[in-house]
Peer 1: 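Supplied in structure tokens, the structure appears directly below.
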Amino acid sequence: MDGNKRWVSGDLQHPDRDPNRRQFVAQGQKPFGAILACIDSRVPPELLFDTGLGDLYVMRTGGEAVEPVVTGSVEYGPMTSGTPLIVVLGHQRCGAIEAAYKSLHGGKPLPGNLEAIAKALRPAYEQAVKEGGADPVETMARAQAKLTAADLRSNQDLTPLVRKGILAVVGAYYSLDTGKVEVLAGAPS
């Protein structure tokens, strides 16, 4: 979050982004965090958190949709190298969330494999409909980040790490307007 404060203020350090760091991590890695974020080109986790080479595992899917291969990718850091943090990062004005919302709300399937994203986002859609609010797409984006983080916290392989206090799984939301990341759920105490 300190890196995100630097991003918001424009006081960037650009750490771990030089040939010496490349040499240091060439033989192995031990990232301090894993980020599951959207594919949106405006939401690059390494920049939003002012991090560098070898600092983060990053997985990106449309609307943070999760299926077994993605879940395995998220599990990789905590289960193989003790990565202590997973952040599920939703964001403002998410096109994948908006498309899924419109598809699910209107009952009109999305073309091709985009329909798989809409199906994966159905629980967030249902929660957004139940919650209501002025902007149901933003409600759905926040719900998706919280639900995915909760699902990962209750994952059979990650739950023991969470219970031991050696892994935190956080749902968060990125504002395109301000650059700020807001923690929604799962912050370690």
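Bear in mind the structure is a predicted one, so any value in this text is a computation, not a measurement.
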Peer 1: At their closest point, which heavy atom of Val183 faces which heavy atom of Val170, and how far apart are they?
Peer 2: CG1-CG1, 3.6 Å

Peer 1: Please confirm whether the backbone N or O of Arg153 pairs with a side-chain atom of Thr159, one donor and one acceptor, at under 3.5 Å?
Peer 2: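 Yes, the answer is positive, given that a donor and an acceptor are paired below the 3.5 Å cut-off.
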
Peer 1: Would a single hydrophobic cluster contain both Val74 and Leu147, if residues Ile, Leu, Val, Met, Phe, Trp and Tyr are joined by side-chain heavy-atom contacts under 4.5 Å?
Peer 2: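 No.
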
Peer 1: Give me the atom names and distance for the closest heavy-atom approach of Val58 to Pro45.
Peer 2: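 Where Val58 meets Pro45 most closely, the heavy atoms are CG1-CG, 3.9 Å.
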
Peer 1: As an exercise, state the distance from CE of Met59 to OG1 of Thr71, rounded to the nearest 0.5 Å.
Peer 2: 10.0 Å

Peer 1: For Leu110, is there any backbone N or O sitting under 3.5 Å from a side-chain donor or acceptor partner on Glu115?
Peer 2: yes

Peer 1: Find out if a path of hydrophobic residues (ILVMFWY) with successive side-chain heavy-atom gaps under 4.5 Å connects Leu85 to Met1.
Peer 2: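 Both belong to a single hydrophobic cluster.
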
Peer 1: Using only atom types and a distance under 3.5 Å, with no angle test, would you say the side chain of Asp50 pairs donor to acceptor with the backbone of Asn4?
Peer 2: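 Side chain of Asp50 to backbone of Asn4: no pair is present.
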
Peer 1: Do side-chain atoms of Ser103 reach the backbone of Lys108 as a donor and acceptor pair under 3.5 angstrom?
Peer 2: yes

Peer 1: Can a donor-acceptor pair be found, under 3.5 Å and without considering hydrogens, that links the side chain of Arg60 to the backbone of Val43?
Peer 2: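 It does hold such a pair.
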
Peer 1: Decide side-chain contact (heavy atoms from CB on, under 4.5 Å) for Glu46 and Asp55; before the verdict, give the C-alpha distance in whole Å, the side-chain angles of both, and the deciding distance to 0.1 Å.
Peer 2: CA-CA 8 Å; Glu46 296 89 344; Asp55 291 337; over 6 Å; no

Peer 1: Between Ser175 (side chain) and Lys180 (backbone), is there a donor-acceptor pair under 3.5 Å?
Peer 2: no

Peer 1: Check the side chains of Gln144 and Thr148 for a donor-acceptor pair under 3.5 angstrom, ignoring hydrogens and angles.
Peer 2: yes

Peer 1: Apply side-chain contact (heavy atoms from CB on, under 4.5 Å) to Phe32 and Leu56, showing your working.
Peer 2: CA-CA 6 Å; Phe32 62 80; Leu56 298 173; 4.0 Å; yes

Peer 1: Search all heavy atoms of Tyr57 against all heavy atoms of Ser81 and return the closest pair with its distance.
Peer 2: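 Closest approach of Tyr57 to Ser81, heavy atoms only: OH-OG, 3.2 Å.
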
Peer 1: Can you see which heavy atom on Thr83 is nearest to which on Leu167, and at what distance?
Peer 2: O-CD1, 3.6 Å

Peer 1: State, to 0.1 Å, how close Leu53 and Arg21 come at their nearest heavy-atom pair, and which atoms those are.
Peer 2: O-NE, 2.7 Å

Peer 1: What residue pairs, at least two apart or across chains, pass side chain to side chain donor-acceptor pair (under 3.5 Å) with a residue in residues 30-44?
Peer 2: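 Passing the test, one end in residues 30-44: Asp40-Arg42.
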
Peer 1: Quick check: is Met140 connected to Leu176 through a chain of hydrophobic side chains (ILVMFWY, heavy atoms under 4.5 Å apart)?
Peer 2: no

Peer 1: Please test Val88 against Asp151 for side-chain contact (heavy atoms from CB on, under 4.5 Å), starting from the C-alpha separation and ending with a verdict.
Peer 2: CA-CA 11 Å; Val88 178; Asp151 286 348; over 6 Å; no

Peer 1: Taking Ile35 as the starting point, is it possible to reach Trp7 by hopping between hydrophobic residues whose side chains are less than 4.5 Å apart?
Peer 2: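 Linked within one cluster.
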
Peer 1: Is there a side-chain contact between Thr61 and Leu36 in this structure, where contact means two heavy atoms from C-beta onward sitting under 4.5 Å apart?
Peer 2: yes

Peer 1: Flag the pair Leu89 / Glu64 as yes when at least one side-chain heavy-atom distance between them is below 4.5 Å, and no otherwise.
Peer 2: no

Peer 1: Can you give me every donor-acceptor pair (side chain of residues 118-127, partner residue at least two apart or in another chain, under 3.5 Å) with its distance?
Peer 2:
residue, atom, partner, partner atom, Å
Tyr125, OH, His105, ND1, 3.2
Gln127, NE2, Glu131, OE2, 2.7

Peer 1: Rounded to the nearest 0.5 Å, how far does CG of Leu12 lie from CZ of Arg6?
Peer 2: 7.5 Å

Peer 1: Starting at CD1 of Ile39, measure out to CD1 of Ile117 and round the result to the nearest 0.5 Å.
Peer 2: 6.0 Å

Peer 1: Any salt bridge between Asp135 and Arg142, counting N to O under 4.0 Å?
Peer 2: no

Peer 1: Any salt bridge (Lys or Arg N to Asp or Glu O under 4.0 Å) pairs touching residues 88-104, not counting sequence neighbours?
Peer 2: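 Every pair satisfying salt bridge (Lys or Arg N to Asp or Glu O under 4.0 Å) with a residue in residues 88-104: Arg93-Asp177, Glu98-Lys102.
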
Peer 1: For Asp16 and Thr51, run side-chain contact (heavy atoms from CB on, under 4.5 Å): C-alpha distance rounded to whole Å, both residues' side-chain angles, the deciding distance at 0.1 Å, then the answer.
Peer 2: CA-CA 7 Å; Asp16 300 331; Thr51 60; over 6 Å; no

Peer 1: Return the minimal non-hydrogen interatomic distance between Cys94 and His91, and the atom names on each side.
Peer 2: CA-CE1, 3.4 Å

Peer 1: Establish whether Leu114 and Val137 are linked, either directly or via other cluster members, by ILVMFWY side-chain heavy-atom contacts under 4.5 Å.
Peer 2: yes

